[in-house]
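For reference, the structure discussed in these notes is given below.
Bear in mind the structure is a predicted one, so any value in this text is a computation, not a measurement. Reminder, nothing fancy here: chain letters follow the sequence lines and each chain counts from 1.
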Number of protein chains: 2
Amino acid sequence: MGSRWGINRTVGQIYALLYISGHPLPADEIAEVLSFSRSNVSMGLKELQSWRLVRLQHLPGDRREHFSTPGDVWQIVRILAEERRRREIDPTLSVLRDLLLKKPGNADERAIQHRLQEMHDLIELLTRWSEDVQRLETQQLTQILRLGAGIIRLLDLKNALPLLGTKRRPAKSPPGDAIPDEDVLADEGVDGD
Amino acid sequence: MGSRWGINRTVGQIYALLYISGHPLPADEIAEVLSFSRSNVSMGLKELQSWRLVRLQHLPGDRREHFSTPGDVWQIVRILAEERRRREIDPTLSVLRDLLLKKPGNADERAIQHRLQEMHDLIELLTRWSEDVQRLETQQLTQILRLGAGIIRLLDLKNALPLLGTKRRPAKSPPGDAIPDEDVLADEGVDGD
DNA sequence: TGGTTTGTTCAGAAAAGTCTGAAAGATTAA
DNA sequence: TTAATCTTTCAGACTTTTCTGAACAAACCA
């Protein structure tokens, strides 16, 4: 399940086990439960640690090292986003910027640079946004996400509002239209499509 | 560059070539430029077509099939998001939901289901948000993304605003504080870290 | 000290994935 | 129809990645 994400199958299984288990496990138990060789587990855990996705713990009365995942799913998202950015996005942007610094030799090269520029700007915009909102409190973050496209209504509202600051009063405040209903923010239930 | 994304190296190169080229290319030219075998290119193009990332075109006066990418980067994002959702996210959610429907046999299983539920809700929230905003006009979408975490100020504003709808007038409209400055929305330049 | 437990490394076996050439299939033109 | 041009398929060669067992290292205990 979902092993196409830059991390291999076994590592994914180890992580999943730690995640659902909810308490720290020693390497030999992981090996036993998943029927992997002890060395395979050792390597898997090392990789997960390098991604900061599991952390090592010592339990009193047990000499073995135990491993566990962060308890909070949002913490996982944040770590994953950071690491992917550091490992994949930043190097890509860096290569793109290098290419964009070269003087184009002819019209073709200029056209190519234009395409590269568009891609660069796109990636940068998405990455920045993601970094930026990840810094918010989880509470605020979920609120924004739950709003979904409803956010646009807020934006419309904002565009209309400076009038308030400048003129005496807005033409009229149309509450049903520009101001989102409370229930836009409400939990939407979990039945999918 | 960036070949860890569920698509292999050669396919990535073919796509990159089509993207920067900016005009439709026939398979044999791709094979020549990249020094791949003709059959390799054929398979790569087939995969790209199955992702809807390239489309086939016939140019007048040329019997060969030509291939090109969508010109608009946002179009690429939308297609990629849709396909990944269809291929990876939806099946994952479906498995999770199945597991959540089972009656837990004991406290352990209940705890596991709780963890799965959290993961499910997280994925669903992120996916829904992404689907939702992707439907917006590109113009609006970029506006929101550029706002970044500044969005939270709009949210604060919103929380303060229902007063407007209910009461005659807000206590006072404090523009410098609750209303984001214009330059939050302005283009931020492209020099990264 | 030596014995035991736990953790790591690494060479090569095993598995998975990629690429190619040859052959067959399609389409067009005459 | 045949010839010419272009595309697809696929068995197997080749490459890369993953996994294991054995050997080593480090920590602990008696």
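- Closest-nucleotide positions on DNA chain C for B:V11 and A:D62 were compared, and the one nearer the 5' end corresponds to A:D62.
- Residue A:H120 is tested with A:R115, A:R97, A:Q113 for a side chain to side chain donor-acceptor pair (under 3.5 Å); the sole match is A:R97.
- Considering only the side chain of B:R38, D:dT8 comes nearest among C:dG7, C:dC19, D:dT8.
- If you take NE2 of A:H66 and C1' of C:dT6, they are 12 Å apart, rounded to a whole angstrom.
- Considering only side-chain atoms of A:R64, the nucleotide from C:dG7, D:dT7, D:dT9 that sits closest is C:dG7.
- Using a 4.0 Å cut-off between charged nitrogen and carboxylate oxygen, A:R52 and A:E82 count as a salt-bridge pair.
- The distance between atom CG of A:L45 and atom P of C:dT8, rounded to the nearest whole Å, is 8 Å.
- When rounded to the nearest whole Å, the span between CD1 of B:I30 and C1' of D:dC6 equals 14 Å.
- The separation between A:R9 atom CZ and D:dT18 atom P is 12 Å, rounded to whole Å.
- Taking a 6.0 Å sphere around NE2 of B:H58, one finds it holds more than 12 heavy atoms contributed by other residues, nucleotides or ligands.
- In this structure, of D:dC19, C:dT9, C:dT18, it is C:dT18 that holds the atom nearest to the side chain of B:T10.
- Side-chain contact between B:L18 and B:L45: present, with at least one pair of heavy atoms (C-beta onward) separated by less than 4.5 Å.
- Across the protein-nucleic acid pair, A:N8 atom CG and D:dT18 atom P stand 5 Å apart, rounded to whole Å.
- Rounded to whole angstrom, the span from the CD atom of A:E29 across to the P atom of C:dG7 amounts to 11 Å.
- Here the nucleotide nearest the side chain of A:N40, chosen from D:dC10, C:dC19, D:dT20, is D:dT20.
- Between the CD atom of B:E65 and the P atom of C:dT28 there is a distance of 10 Å, rounded to whole Å.
- Nearest nucleotide to the A:S39 side chain, out of C:dA22, C:dT9, D:dC19: C:dT9.
- Here the side chains of A:E47 and A:Y15 are not in contact, with every heavy-atom distance at 4.5 Å or above.
- Remark: A:K46 is in phosphate contact with C:dT9, judged by side-chain N or O atoms under 4.0 Å from OP1 or OP2.
- Out of D:dT20, D:dT8, C:dT20, the shortest distance to the side chain of A:F36 is found at D:dT20.
- Map A:R63 and A:M43 each onto its nearest nucleotide of DNA chain C; the residue landing nearer the 5' end is A:R63.
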